[in-house]
Amino acid sequence: MVNRPLKSPADLAAAGLVPPESLPALDAVAARYAVAVSPAMAALIDRSDPDDPIARQFVPDPRELDLAPEERADPIGDGAHSPVEGVVHRYPDRVLLKAVHVCPVYCRFCFRREMVGPQGLGTLSAEALAGALAYIAGRPEIWEVILTGGDPLVLSPRRLEEIMTGLQAIPHVRIVRFHTRVPVVEPERIGPDLVAALGASGKTTYVALHANHPRELGPAARAACARLIDAGIAMVSQSVLLRGVNDDVETLAALMRAFVETRVKPYYLHHPDLAPGTAHFRLTIEEGQALAAALRGRVSGLCQPAYVLDIPGGHGKAPLGPAMAQGRDGCFTVTDYRGGEHAYPPAPTRPPASQP
Ligand code: SF4
């Protein structure tokens, strides 16, 4: 049983998660991209399975040093939309507030892998945070603030409360959303002080939980989510579609059902981003659309996330389907969940004449 985070290939070897002979290759990866596996995630890994989907997400792989020409250091274009340090303002009514660039685990497919980790962009200074809050306060169109990073729930309750108190003073901010993996990868961190800090702004607060495989939602993770939800915090999910982790409909269905059973509404299923060294995780969009269509035929509407792509370069999110309706000359062919096709008539061009 591992009781501390594993932060190097040597730690992983000592815990039996990688063979000692792989250390030179994995040390080269770790010199480039941060490594951390939390005790909760290490405990989930089946050491007898060379294709374990939990290990695949967190244990480094020599293929991470193979760069594909289409990959980019900043795949979703944060830098192009950052007016002040710590803020990404891509859409009119919401901003990202990146308070910290540290995570309790480092995902091997991370879209911000060039920014996070011990050598990453660190924690926002008090001055930079004040500048970020001033930027938000000066723009009444900002309705929602999304704390992301890194993982904002690695911050201490005291620091989180400072940020939330700063947001409390901005009346036009009505929604605060946290993007995090902590309830799953470090559930013990979701204690009373942290829960109270998340609610300290008095705003409607959402937690978007990142998890990719149903095994991540074990009893401790579900209990951590319950502590948040029972305190009045709404939860939604986000997952990344990953080859070798969740690229089959049975796993996706089990994952979405696990979210719903935990009172976490499935929100986004992300097509993987063009992050450096992650080609071995990527599916084609056609494969993703086929899985999204299969999921629609398999599980309840409550279990349906939006399958989306962050358009490379910072152009925002686009839903990728599945496209269930094809139109031509005002008529539509609508596909049902079994694949059957049905005609849908055009709308009347004007109201029907009233009867005498
Ligand atoms: S928790 Fe999020 S930000 Fe941190 S490594 Fe994973 S994907 Fe990247």
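Start at 1 and go down the list; that is how both ligands and their atoms are numbered.
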If we number the atoms of ligand 1 from 1 as shown, the ones under 4.0 Å from a heavy atom of His210 are 7 (S)

State if Arg112 counts as touching ligand 1 under the rule of any non-hydrogen atom under 4.0 Å. no

Problem - Cys110 near atom 8 (Fe) of ligand 1 via N/O/S, less than 2.8 Å - result: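 Under 2.8 Å: Cys110 contacts atom 8 (Fe) of ligand 1 through an N, O or S atom.
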
Notebook entry, point to check: Is it true that Asp46 and Arg215 make a salt bridge, defined as a side-chain N closer than 4.0 Å to a carboxylate O?
Noted result: no

*Salt-bridge contact Arg159-Glu162 (side-chain N to carboxylate O under 4.0 Å)*: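 The answer is yes: the pair qualifies as a salt bridge.
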
Practice task
Could you check atom 3 (S) of ligand 1 against the protein and tell me its nearest heavy-atom contact, residue, atom and distance included?
Solution key: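 The closest heavy atom on the protein side is Cys103 SG, 3.7 Å.
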
Ranking Gly117, Pro152, Cys107 by closest non-hydrogen atom to atom 5 (S) of ligand 1, top hit is Cys107

(Q) Quick one: does any side-chain atom of Lys98 pair with a main-chain N or O of Val88 as donor and acceptor, under 3.5 Å? (A) no

Practice problem: Please confirm whether the backbone N or O of Ile136 pairs with a side-chain atom of His172, one donor and one acceptor, at under 3.5 Å? | Solution: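 Yes: the side chain of His172 pairs with the backbone of Ile136.
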
Open item on the list: Applying ring pair (Phe, Tyr, Trp, His ring centres under 6.0 Å) to Phe111 and His270, what does each step give before you reach the verdict?
Closed with: CA-CA 11 Å; Phe111 64 133; His270 294 272; 7.5 Å; no

